[in-house]
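What follows is one structure encoded as structure tokens, with my remarks underneath.
These values consider heavy atoms only, across backbone and side chains, with no hydrogens, waters or symmetry-generated copies. Chain naming here is simple, since letters A, B, ... match the order of the sequence lines and numbering starts at 1 in each.
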Amino acid sequence: MIKIGSAQVWVHDQDVALEFYTRKLGMEVRQDVTIPELGGFRWLTVAPPGDHEVSIVLMAIPGQPVLDDATAEEIRTLMSKGFAGTVFLVTDDCQKSYEELAARGVEFTETPEDRPYGIDSGFRDPSGNSFRLTQVRDLG
Amino acid sequence: MSPLPPARHLLRAKDLADARYAEPLGVGDMARAAGLSPAHFSREFRRTFGESPHAYLLTRRLERAASLLRNTDQSVADVCMAVGLSSVGSFTTSFSRLFGKSPTAYRAAFPAASTWARVPACVMRAYSRPQNRTFREDAPEPASIPSSMSAIDEPGGGK
């Protein structure tokens with residue numbers, strides 16, 4: 001059986017990301033390992049409390065020799081323009097989650113709205129990554 | 001600490017247009033959200049996203065208006081006000097130019113909301129924003145700007 005372990009988002013700064021994902025989104029650090037022999041590569045993963053199946057890898061945009069400068073810059077640009085990808089989070093109470101996160105200063109792009117598939121909202125992380133926060137309707 | 005790329009601040013202006021199009025919002029408000037002077041902001045926004053902030057805000061409003069026309073029974077005037085526009089005449093003109101038919105004809109051409117596929121709202125928004133069209137293809141443009149920029153790009157530019 002294949003399952004999803006982690007999925008990765010690019011971040012412009014892992015310390016800034018860590019602060020945001022833990023303090024503002026309320027996630028927990030799953031792994032934070034820095035590997036000196038890999039040029040200080042830092043494997044940093046977070047997940048919501050209680051969610052031990054899937055984690056988000058907060059990946060720094062590498063430079064040489066992994067990526068040439070032009071490619072790294074392209075990724076940085078896509079990320080900061082908000083088009084490097086989207087993480088779709090689900091919640092059992094969109095309005096409540098929205099209020100909690102907004103009170104902690106999370107930058108919402110869409111407040112909770114009723115949609116055919118549920119109650120949906122959206123926010124961004126400090127790097128520009130897009131997140132959905134959705135209370136999915138039970139379509140029974 | 002790695003610096004935040006400049007585009008991240010411009011994205012804040014784009015997000016402001018997406019979130020608060022219903023309010024009497026203008027390019028000046030978008031510039032403030034990005035922390036730039038209006039002139040510098042418009043240039044940088046266009047360089048980054050390929051269209052002017054004015055065009056982005058207007059097409060977002062028209063996209064939202066189209067959604068209200070399809071999914072509600074609000075009058076055309078109410079739809080116009082609901083997306084932050086104050087002149088029904090200008091709204092009808094812009095809408096007709098970008099969607100190829102008047103708001104009333106547009107509404108009549110679409111089936112009821114329930115027949116739509118259940119795609120997320122963010123997808124609906126992203127894909128149904130009208131393409132900017134030009135009435136001035138032959139007008140000289142600065143070299144860095146695609147020739148498809150339209151007459152509605154700048155406030156007053158299309159008059």
key: CA sep, side-chain torsions, deciding dist, call: B:Arg125, A:Glu113, salt bridge (charged side-chain N to carboxylate O under 4.0 Å, His left out)   = CA-CA 13 Å; B:Arg125 281 177 180 237; A:Glu113 280 185 64; 3.6 Å; yes

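Minimum interatomic distance between A:His12 and B:Pro5 (heavy atoms only, all atoms of both residues): CB-CD, 4.3 Å. Here the closest heavy-atom approach between residue B:Arg8 and residue A:Gly128 is recorded as NE-N, 3.0 Å. Scanning both residues, B:Thr48 and A:Lys81, for their nearest heavy atoms gives O-NZ, 2.6 Å.
The number of heavy atoms from other shown groups lying within 6.0 Å of CD1 (A:Ile4) does not exceed 12. The number of heavy-atom neighbours closer than 6.0 Å to CZ of A:Arg23, taken from other residues, nucleotides and ligands shown, is 12 or below.
At least one side-chain heavy atom of B:Asp15 sits less than 4.5 Å from a side-chain heavy atom of A:Arg124.
Residue A:Met59 is not grouped with residue A:Tyr21 when hydrophobic side chains (ILVMFWY) are merged at heavy-atom distances under 4.5 angstrom, including chains of intermediate members. Cluster annotation: A:Trp10 is not connected to A:Phe131 through the hydrophobic network of ILVMFWY side chains, with a link wherever side-chain heavy atoms come within less than 4.5 Å. Under the 4.5 Å side-chain heavy-atom criterion for ILVMFWY residues, no single connected hydrophobic cluster contains both A:Leu58 and A:Val16. Taken together through direct or relayed side-chain contacts under 4.5 Å among Ile, Leu, Val, Met, Phe, Trp and Tyr, B:Phe99 and B:Phe91 form part of one hydrophobic cluster. Taking hydrophobic clusters as Ile, Leu, Val, Met, Phe, Trp and Tyr residues chained together by side-chain heavy-atom distances below 4.5 Å, A:Val87 shares a cluster with A:Phe123.
Only the side chain of A:Arg115 comes within less than 4.5 Å of a heavy atom in chain B; its backbone stays farther off. Neither the backbone nor the side chain of B:Arg20 has a heavy atom closer than 4.5 Å to any heavy atom of chain A. Looking at B:Leu4, both its backbone and its side chain come within 4.5 Å of chain A, counting heavy atoms on both sides. Neither the backbone nor the side chain of A:Glu73 comes within contact range of chain B; no heavy atoms are under 4.5 Å apart.
For the atom pair A:Phe88 CZ and B:Cys122 SG, the distance stands at 5.0 Å (nearest 0.5 Å). Taken to the nearest 0.5 Å, the OG atom of B:Ser2 stands 7.5 Å off from the CZ atom of A:Arg76. Distance CG/B:Leu16 to OG1/A:Thr109: 11.5 Å, rounded to 0.5 Å.
Contact count versus chain B (heavy atoms, under 4.5 Å) is highest, among A:Gly82, A:Ser130, A:Gly122, A:Pro126, for A:Pro126.
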